[in-house]
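Keep in mind that this is a model prediction, so the values were computed, not measured.
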Amino acid sequence: MAQAVEEWYKQMPIITRSYLTAAVVTTVGCSLEIISPYNLYLNPTLVVKQYQLWRLVTNFLYFRNMDLDFLFHMFFLARYCKLLEENSFRGKTADFLYMLLFGATVLTGIVLIGGTIPYLSVSISQIIFLSNSLTFMMVYVWSKQNPYVHMSFLGLFTFTAAYLPWVLLGFSVLVGASPWGDLLGMIAGHAYYFLAFVYPRMTDRRPLKTPSFLKALFADEPVVIARPEDVRFAPAPFDEIHQD
């Protein structure tokens with residue numbers, strides 16, 4: 001069993017493995033009272049006036065208490081972060097890291113700006129950890145990239161992946177959790193998907209071009225599809241070509 005877990009962990013791509021490790025270590029450290037959550041949460045005043053810049057990062061690493069909710073989010077982090085990095089961003093580690101940095105920046109900006117808007121400030125100011133929102137952003141981006149994948153929720157009903165964020169949002173509301181974290185993740189995910197995939201197709205412009213210094217850190221790996229030279233593919237059946 002331990003060997004299987006070790007192999008599963010080693011086979012994770014680098015960004016997923018690094019983020020999952022940092023999240024588990026941080027949350028376990030807080031549960032054991034080795035680390036204090038009060039030194040991790042997002043506090044704009046402490047960031048600006050006392051230069052505690054690490055809070056801009058650490059608030060994305062702590063997933064609250066080690067309970068069922070923690071396991072739930074670790075599952076989604078390991079699954080959808082891995083799926084994105086291995087498929088949609090295969091061979092593009094720098095682009096994947098840039099997506100996470102963009103999402104973290106958008107989420108932080110929403111909290112900082114939303115905290116000054118009447119009627120929103122009460123709800124937004126209560127969000128001091130954005131780890132759940134960043135995880136939900138990855139779920140949203142994956143669902144937009146794979147909208148026709150069939151899924152099942154607790155074996156109760158089936159749906160396509162395009163509705164996955166909304167199903168999870170509804171589940172959060174049913175169990176009494178605040179929907180704000182999930183909503184912020186959906187906003188950040190939609191902003192990234194539009195600017196990275198939709199807008200370039202509309203205008204041939206790429207506003208989210210990955211910076212060169214990230215490209216230098218993670219050189220893009222060419223994706224090669226092996227195809228033997230002696231393999232011949234049969235033509236499509238006549239009925240499949242001439243369909244009404």
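- With a 4.5 Å cut-off on side-chain heavy atoms, Phe60 and Thr108 count as touching.
- Cluster annotation: Leu100 and Leu53 are assigned to the same hydrophobic cluster (Ile/Leu/Val/Met/Phe/Trp/Tyr, side-chain heavy-atom contacts under 4.5 Å, transitive).
- Side-chain contact between Ile187 and His190 is absent, with no heavy-atom pair separated by less than 4.5 Å.
- The closest side-chain heavy-atom distance from Phe197 to Lys144 is not below 4.5 Å.
- Leu61 is not listed as a side-chain neighbour of Phe129, based on a closest heavy-atom distance of 4.5 Å or more.
- Proximity of a side-chain donor or acceptor of Asn59 to a complementary backbone N or O of Leu130 within less than 3.5 Å is detected.
- With a 4.5 Å cut-off on side-chain heavy atoms, Pro200 and Arg205 do not count as touching.
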Practice item. Could you go through the salt bridge (charged side-chain N to carboxylate O under 4.0 Å, His left out) check for Glu86 and Arg90 one step at a time? Key: CA-CA 5 Å; Glu86 287 185 340; Arg90 184 179 180 184; over 6 Å; no
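- In this structure, Cys81 and Phe96 have side chains that are in contact, with non-hydrogen atoms separated by less than 4.5 Å.
- A donor-acceptor contact closer than 3.5 angstrom links the side chains of Thr21 and Tyr9.
- Figure legend: Arg55 and Tyr41 shown as a cation-pi pair, the cationic atom lying under 6.0 angstrom from the six-membered ring centre and within 45 degrees of its axis.
- Put simply, the side chain of Trp180 does not reach to within 4.5 Å of the side chain of Gln126, judged on heavy atoms.
- Both Leu217 and Tyr98 sit in one connected hydrophobic cluster of ILVMFWY residues. Membership requires side-chain heavy atoms under 4.5 Å apart, directly or through other members.
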**Study point:** Tyr62 and Thr26: CA distance, side-chain angles, deciding distance, side-chain contact (heavy atoms from CB on, under 4.5 Å) verdict
**Key:** CA-CA 6 Å; Tyr62 180 50; Thr26 302; 4.2 Å; yes
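- Ser133 contributes no side-chain N or O that, together with a main-chain N or O of Leu184, makes up a donor-acceptor pair within less than 3.5 Å.
- When hydrophobic clusters are built by joining Ile, Leu, Val, Met, Phe, Trp and Tyr residues whose side-chain heavy atoms come closer than 4.5 Å, directly or via intermediates, Val149 is grouped together with Tyr163.
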Point to revise | Test log, rule side-chain contact (heavy atoms from CB on, under 4.5 Å), inputs Met99 and Met138 | key: CA-CA 9 Å; Met99 182 200 78; Met138 289 185 278; 4.0 Å; yes
Check your understanding: Given Asp95 and Lys215, is the side-chain contact (heavy atoms from CB on, under 4.5 Å) satisfied, shown in steps?
Key -> CA-CA 8 Å; Asp95 293 343; Lys215 291 284 189 180; 3.2 Å; yes
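- Of the possible polar contacts, none joining the Thr16 side chain to the Met12 backbone as a donor-acceptor pair under 3.5 Å is found.
- At a threshold of 4.5 Å between non-hydrogen side-chain atoms, the residues Val167 and Phe157 count as touching.
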